[in-house]
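Numbers restart at 1 for each chain; the letters A, B, ... are given by sequence-line order, proteins then strands. Every heavy atom of this structure was used, including side-chain atoms; hydrogens, water molecules and symmetry mates were not.
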Protein chains: 2
Amino acid sequence: MDESTESGGHAVTRTALLEAAADVFADVGFQNATIREICQKAGANVAAVNYHFRDKEGLYSEVLRVQGRLAQSRFPSNAGLADDAPAEQRLEVFIRSFLQRVLSEEIANRHGRMMAREMVEPTAALDQLVRQIIQPQANQLHEIVGSLLPAGTPPETVRLHSLSIVGQILFYAHCRPVLSRLEPRSAYDFIELDQLTQHITRFSLAALRDSSPTPTRRRTASSSRRPISR
Amino acid sequence: MDESTESGGHAVTRTALLEAAADVFADVGFQNATIREICQKAGANVAAVNYHFRDKEGLYSEVLRVQGRLAQSRFPSNAGLADDAPAEQRLEVFIRSFLQRVLSEEIANRHGRMMAREMVEPTAALDQLVRQIIQPQANQLHEIVGSLLPAGTPPETVRLHSLSIVGQILFYAHCRPVLSRLEPRSAYDFIELDQLTQHITRFSLAALRDSSPTPTRRRTASSSRRPISR
DNA sequence: GTCAGTTTTAAACAGATGTTTGAAATGTCA
DNA sequence: TGACATTTCAAACATCTGTTTAAAACTGAC
């Protein structure tokens with residue numbers, strides 16, 4: 001009953017389920033995925049999921065685990081760049097591999113799409129994901145951004161700048177449906193990785209270079225200074 | 001049977017349904033919302049939705065319509081700013097009201113949250129939304145960004161820069177679950193509108209000022225030049 | 001070949017959910 | 001008031017979906 005370690009033993013059905021489930025979950029998300037569709041794709045009986053993974057959620061979190069490891073080896077964050085490479089270069093590499101992880105729809109990349117969904121409509125698995133995958137990447141980006149900003153920049157400012165970079169990247173993952181409707185015949189549908197990487201890198205580097213003192217409170221036009229209510 | 005124009009006649013149930021539905025749809029999205037919960041909140045019978053709006057989707061699109069008009073008057077995009085105000089100022093106002101529309105969780109703002117959901121997990125209503133709401137805003141932003149970039153900047157570059165700005169904004173709307181988990185005790189949960197507006201405005205203005213020639217193709221480190229497959 | 005353990009299977013179960021129905025209630029207007 | 005249309009209601013209907021069950025099929029060691 002302990003399946004926690006995929007302990008060899010040709011569990012062909014189990015593997016087929018993981019494979020099919022990855023496809024379906026990445027395509028339609030946890031909620032909209034049906035066990036029946038997954039089992040059909042896997043050529044298995046409806047009861048197979050419950051037998052091998054306890055329940056739908058067990059299958060989901062296992063898929064997340066497996067695909068996570070897969071993605072990590074497929075698109076390593078540092079992309080084989082030396083740790084002492086110039087920060088500008090490390091930023092570009094970080095942005096490129098992030099874009100690949102999240103945007104690429106090749107078969108290898110169901111993880112990115114699952115992550116994108118998990119960010120917007122979280123399941124119970126998000127906590128684990130944040131700890132194991134998102135947090136380390138955030139730290140890495142903070143380190144890069146920190147070394148691109150003047151020494152002594154407060155951590156909060158570093159964080160805000162990092163988030164501005166991540167936001168630009170994730171936008172293309174989250175809002176693709178809107179983009180393709182905005183300008184159907186434009187290049188939106190057919191984004192080239194290099195072009196996008198270069199734009200976001202340049203845009204962000206320019207912003208970082210020009211980082212004015214620190215955005216501590218300054219009154220501006222028509223500002224109402226009210227917190228965004230929760 | 002033609003309810004297309006809300007033709008007076010004190011249809012109290014109809015109104016209550018629209019009100020309750022706006023709450024529920026904004027909270028949990030179209031899929032996860034149940035007619036039974038909406039009707040209970042509205043103090044109406046389960047059949048009421050089908051009677052007044054044909055079906056669940058009819059109710060949804062009507063809610064979207066009504067809330068759209070409401071939001072437009074609540075958070076006007078130009079925020080009462082003169083059309084000939086300096087572009088820098090127009091950008092700041094644009095960013096602030098966008099943030100308000102999308103992030104604010106006050107009662108008035110169910111539309112922003114519905115839009116955010118619609119962008120990530122579209123329903124049939126997205127086409128209409130893009131045409132009526134998103135497209136005009138995109139044009140407005142393009143105009144602002146265009147006038148901040150050197151004359152003669154190709155439209156594609158203007159678009160990329162605009163998207164970088166929108167991405168920063170929407171990030172906070174879409175990824176809040178992740179943010180609050182990343183640093184639970186930090187200011188993530190309690191974002192102040194002014195601080196955020198100022199950061200994104202400065203970040204973007206700096207990037208726009210420094211807009212290098214045009215990011216037309218240049219080979220960089222470890223670049224693989226492969227399009228992001230669809 | 002037998003037998004214990006594992007895996008698969010068809011069927012049914014249980015609950016949720018959008019929708020329909022036909023009667024009852026309510027409102028409108030002459 | 002009485003006749004007609006509109007609106008509400010409880011109940012049932014039809015699907016869909018995750019899960020369980022108990023029997024059957026399979027596997028591998030002896």
Side-chain angles (χ1 to χ4, degrees), chain A residues 1-64 114 117 121 123-125, chain B residues 1-64 114 117 121 123-125:
Chain A
M1 184 136 292
D2 183 10
E3 298 278 7
S4 61
T5 53
E6 49 248 35
S7 50
H10 36 110
V12 46
T13 310
R14 208 185 112 95
T15 311
L17 280 176
L18 282 173
E19 188 59 22
D23 262 349
V24 177
F25 283 141
D27 267 0
V28 304
F30 176 76
Q31 281 276 2
N32 296 335
T34 78
I35 287 192
R36 279 174 173 80
E37 184 186 352
I38 292 172
C39 289
Q40 191 191 335
K41 271 199 177 183
N45 186 274
V46 233
V49 166
N50 302 95
Y51 178 76
H52 287 280
F53 302 93
R54 215 180 97 105
D55 56 12
K56 188 185 176 185
E57 208 169 308
L59 171 60
Y60 181 71
S61 78
E62 184 63 14
V63 168
L64 227 45
M114 291 174 73
R117 288 184 175 280
E121 197 99 38
T123 72
Chain B
M1 183 137 294
D2 183 11
E3 299 280 5
S4 62
T5 54
E6 49 248 37
S7 50
H10 37 110
V12 46
T13 310
R14 207 185 112 96
T15 311
L17 281 175
L18 282 173
E19 188 59 21
D23 263 349
V24 177
F25 283 140
D27 268 0
V28 304
F30 176 76
Q31 281 277 2
N32 295 337
T34 78
I35 286 192
R36 279 174 173 81
E37 184 187 350
I38 292 172
C39 288
Q40 191 190 335
K41 272 200 175 183
N45 187 272
V46 235
V49 166
N50 303 93
Y51 177 76
H52 286 282
F53 302 94
R54 213 179 98 105
D55 56 13
K56 188 184 176 186
E57 209 170 308
L59 171 60
Y60 181 71
S61 78
E62 184 64 12
V63 168
L64 228 45
M114 292 174 72
R117 287 184 175 281
E121 198 100 37
T123 71

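- Distances from the side chain of A/T34 to the nucleotides D/dT17, C/dT8, C/dG18 place D/dT17 closest.
- Here D/dT19 presents its C1' atom at 5 Å from CG of A/N50, a figure rounded to the nearest Å.
- If you take CG of B/N45 and C1' of C/dA23, they are 13 Å apart, rounded to a whole angstrom.
- The nearest whole Å value for the distance from the CG atom in B/D55 to the P atom in D/dA14 is 19 Å.
- Between B/H52 and the phosphate of D/dT6, there is no side-chain N or O to OP1/OP2 separation shorter than 4.0 Å.
- Across D/dT17, C/dT17, C/dT9, the shortest atom-to-atom separation from the side chain of A/A47 is found for C/dT9.
- The CZ atom of A/R117 lies 7.5 Å from the CG atom of A/D27; values are rounded to the nearest 0.5 Å.
- Remark: P of C/dA16 and CZ of B/R36 are 10 Å apart, rounded to the nearest angstrom.
- One finds the CD atom of B/E57 at 6.5 Å from the OG1 atom of B/T123 (value rounded to the nearest 0.5 Å).
- Distance A/I35 CD1 to D/dT20 P: 10 Å, rounded to the nearest Å.
- Judged by distance alone, with hydrogens and angles left aside, the side-chain atoms of B/K41 form no donor-acceptor pair with the main-chain N or O of B/A16 at under 3.5 Å.
- Regarding A/Q40, its CD atom lies at a distance of 15 Å from the C1' atom of D/dT17, rounded to whole Å.
- The OH-C1' distance, from B/Y51 to D/dT7, rounds to 5 Å in whole Å.
- Judged by closest nucleotide on DNA chain D, A/N32 is the one of A/R54 and A/N32 placed further toward the 5' end.
- Residue A/F53 contributes atom CZ, which lies 12 Å from atom P of C/dT7 at whole-angstrom precision.
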Passes side-chain contact (heavy atoms from CB on, under 4.5 Å), B/V49 versus B/D55? Steps please. CA-CA 6 Å; B/V49 166; B/D55 56 13; over 6 Å; no

